Protein chains: 2
Amino acid sequence: MASVGRMAGVSQVTVSRALSDPSKVSPETLRRIHEAIEATGFVPNALAGALASRRSRLITALVPSITNIVYSSLLHGFSDIMREHGYQIMLSETGFDPEREQEMIETHLARRPDGMLLTGIHHSAAARRMLIGSGTPVVEVWDITETPIDCCVGFSHAATGAEAAEFAIRAGYRRAATVTAGDQRAQRRRDAFVEGFRAATGEELPAIDFPPGTATLGQGRDSLRRLIEEKGFEAGVIFCSSDQYAHGILTEAMARNLRVPDQIAVIGFGDQSFAEHTFPSLTTVRIDRDALGKAAAKALLDRFENRPLKTSTINVGFEIIKRASA
Amino acid sequence: MASVGRMAGVSQVTVSRALSDPSKVSPETLRRIHEAIEATGFVPNALAGALASRRSRLITALVPSITNIVYSSLLHGFSDIMREHGYQIMLSETGFDPEREQEMIETHLARRPDGMLLTGIHHSAAARRMLIGSGTPVVEVWDITETPIDCCVGFSHAATGAEAAEFAIRAGYRRAATVTAGDQRAQRRRDAFVEGFRAATGEELPAIDFPPGTATLGQGRDSLRRLIEEKGFEAGVIFCSSDQYAHGILTEAMARNLRVPDQIAVIGFGDQSFAEHTFPSLTTVRIDRDALGKAAAKALLDRFENRPLKTSTINVGFEIIKRASA
DNA sequence: GTGAAAGCGCTAACAT
DNA sequence: ATGTTAGCGCTTTCAC
């Protein structure tokens with residue numbers, strides 16, 4: 001920056017000003033500075049800038065998995081807004097592991113982000129302490145609580161399960177099963193579904209549970225196979241913790257020549273882009289993930305400007321999309 | 001750090017050493033320092049560290065889209081290795097736009113990353129200049145060239161198309177069509193397929209082309225519809241630029257009661273996790289994306305330690321996986 | 001509109 | 001094994 005200044009016949013500070021607030025520099029000086037930048041290929045050092053100004057223009061985000069479209073599409077909306085406002089995103093995966101999350105929070109905090117996005121509302125006590133101690137604005141997403149660290153943007157997982165159960169009962173189903181990923185939130189959805197369904201029918205629900213990790217279509221196929229062959233499930237509605245599972249069940253039903261939804265009905269979760277186009281099309285729970293990500297970004301931006309948050313908890317809700325599979 | 005030192009009765013440098021190279025500090029001092037860190041909740045400032053040491057332990061990555069599993073799974077392998085070696089990843093999307101890529105390269109460079117991952121081998125001249133000027137180690141992935149900026153890890157897209165054509169010819173197909181995303185690499189695969197197929201059969205190939213953006217199952221269904229209704233394509237093999245399209249074609253064929261592969265055969269690209277489990281299962285081109293990401297990480301790490309790269313270009317190859325759809 | 005000086009919180013180099 | 005000194009490349013504050 002000093003050498004750019006020398007080249008343009010001004011001091012280093014003037015170059016700094018030309019870059020951060022051009023209105024404070026005369027047009028003629030500005031022109032010469034830009035010429036010098038062009039000529040030298042100068043790229044400012046954001047590290048030094050952040051150190052001096054105590055603003056890094058960095059937002060860090062922690063998600064369980066980036067290969068899971070549910071989180072990556074949420075991040076897509078989030079980054080869009082953040083980038084528009086001049087922030088960059090640093091992303092890490094926690095792999096659904098609270099301990100790993102805590103480690104990552106610490107290394108992220110070391111970069112002095114201006115804000116942080118966390119997935120879910122459950123974090124280790126030590127993580128909470130570090131976060132609060134650092135004073136970093138935090139937005140927790142994909143779930144809601146009355147007691148966020150800072151603010152949260154999400155929806156009630158229990159409510160989706162309960163409403164799905166209600167939907168299934170109203171649609172006339174009297175037998176049901178669940179297929180669930182090894183993810184705490186997915187399990188809460190299932191529990192609420194099971195409770196609601198059992199309250200109405202008194203029936204026990206066979207359950208297939210998978211270990212943590214991204215849900216696959218193959219697991220979905222497998223779960224229908226096991227439901228039929230091991231659990232004696234012959235007909236009814238299956239509540240899945242993701243559209244992947246649901247699509248797999250549709251596929252397996254097709255391969256077995258079972259009628260959907262008469263014999264086997266399926267409810268997915270996520271309303272992923274394919275859900276509308278499966279055969280038959282998939283009944284599912286829609287979360288507007290892009291809007292959720294954007295709302296999270298806005299909540300954080302509001303915090304930066306000390307705008308009073310009307311509420312620290314934003315419930316973006318969900319919607320059951322009735323299609324052909326249930 | 002100074003106050004931690006005061007608390008532990010040592011100077012600030014000793015604290016720094018305790019954190020970066022504990023073997024240089026006596027066990028007793030180390031213990032007191034850790035006590036003080038615990039008590040104060042001190043989190044070191046990586047920004048200041050990076051500025052002073054000229055090593056940021058930051059790797060930045062640029063991919064067209066994070067919601068596209070092809071890139072996110074590659075990054076997954078890449079981050080795994082990088083994290084093991086103490087590097088963090090900063091990720092941004094270019095949206096398949098070279099101009100946006102150039103902007104992002106500049107802002108990323110401002111953070112002084114120790115290395116950078118770029119998708120593809122085509123970058124604007126200005127971007128190349130900045131990259132080379134900065135001296136930042138760069139690994140280009142998902143494609144190969146004899147003249148990388150630094151090093152590249154990928155495979156030949158043209159070769160996949162050519163080999164797929166050969167495969168189709170050998171399998172006895174004499175009519176073919178293509179379904180392609182608005183992505184330069186996808187188009188190269190298609191062009192090689194068309195050329196190979198035409199050379200053997202003399203046939204013209206109807207083509208469906210989509211604009212840039214993530215390929216969806218819905219577009220796949222749509223493309224079979226259009227191939228049949230608009231292009232008069234009645235039978236043959238369809239070469240797709242992604243498994244999503246291929247899955248959509250399978251779905252539409254099922255909905256139309258067309259026999260697969262007798263009437264409509266399909267070749268996908270990517271061997272995504274669902275490809276093995278579609279009905280019928282999907283013949284596709286497999287790239288070991290996780291291994292590719294890992295190889296890219298290793299190439300970069302080699303560069304960091306000035307280990308001689310035997311070759312600056314690593315071809316990870318591909319494999320045609322024959323399943324039931326073609 | 002521009003400049004000089006101080007300092008952000010660390011690490012590197014050199015002492016002891 | 002520990003301390004001292006001098007920056008890293010910017011922004012902030014205050015002066016002119």
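Sequence lines set the chain letters: A, B, ... in the order given, protein chains first and strands last, and positions in each chain run from 1. These numbers were taken from a predicted model, which means no experiment stands behind them.
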Of Leu51(A) and Lys24(B), whose closest DNA chain D nucleotide lies nearer the 5' terminus?
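The answer here is Lys24(B).
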Surrounding CD of Glu28(A) (heavy atoms of other residues, nucleotides or ligands, distance under 6.0 Å), is the total greater than 12?
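More than 12 heavy atoms, drawn from other residues, nucleotides or ligands, come within 6.0 Å of this atom.
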Taking atom CD of Glu84(B) as the centre, does the number of heavy atoms from other residues, nucleotides or ligands within less than 6.0 Å exceed 12?
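Atom CD in Glu84(B) is packed in, count exceeds 12.
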[atom1] of [X] versus [atom2] of [N]: gap in Å, rounded?
X	N	atom1	atom2	result
Asp21(A)	dC10(D)	CG	P	17 Å
Leu109(A)	dC10(C)	CG	C1'	17 Å
Arg55(B)	dG7(D)	CZ	C1'	19 Å
Ile33(B)	dC10(C)	CD1	P	13 Å
Gln12(B)	dT5(D)	CD	P	13 Å
Leu19(B)	dA12(C)	CG	C1'	16 Å
Arg6(B)	dG3(D)	CZ	P	13 Å
Arg111(B)	dG9(D)	CZ	P	17 Å

What nucleotide among dG3(C), dC10(C), dC10(D) has an atom nearest to a side-chain atom of Met1(B)?
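The nucleotide sitting nearest to the side chain is dC10(C).
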Of the nucleotides dT2(C), dG7(D), dG9(D), which has the atom closest to the Val25(A) side chain?
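Nearest to the side-chain atoms of Val25(A), counting from C-beta on, is dT2(C).
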Would you say Arg54(A)'s side chain and Leu51(A)'s backbone share a donor-acceptor pair under 3.5 angstrom?
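No; judged by distance alone, with no hydrogens or angles, the pair does not exist.
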Any [X] side-chain N or O less than 4.0 Å from OP1/OP2 of [N]:
X	N	result
Ser53(B)	dT11(C)	no
Ser26(A)	dT2(C)	yes
Thr14(A)	dG3(C)	yes
Arg54(B)	dG9(D)	yes

Quick one: label Thr29(B) by what it contacts on the DNA or RNA (base, sugar-phosphate, nothing), any heavy atom closer than 4.0 Å.
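If one applies the 4.0 Å heavy-atom cut-off, Thr29(B) turns out to touch the sugar-phosphate alone, with no base involved.
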Report which part of the nucleic acid Val13(A) touches: base, sugar-phosphate, or nothing (heavy-atom distance under 4.0 Å, all strands).
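Contact class for Val13(A): base.
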Got a donor-acceptor pair under 3.5 Å from the side chain of Arg112(A) to the base of dG9(C)?
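Absent.
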Sidechain N-carboxylate O distance under 4.0 Å for Arg303(B), Asp150(B):
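Yes.
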Taking the six-membered ring for Trp, are the ring centroids of His76(A) and Phe78(A) within less than 6.0 Å of each other?
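Ring centres of Phe78(A) and His76(A) not closer than 6.0 Å.
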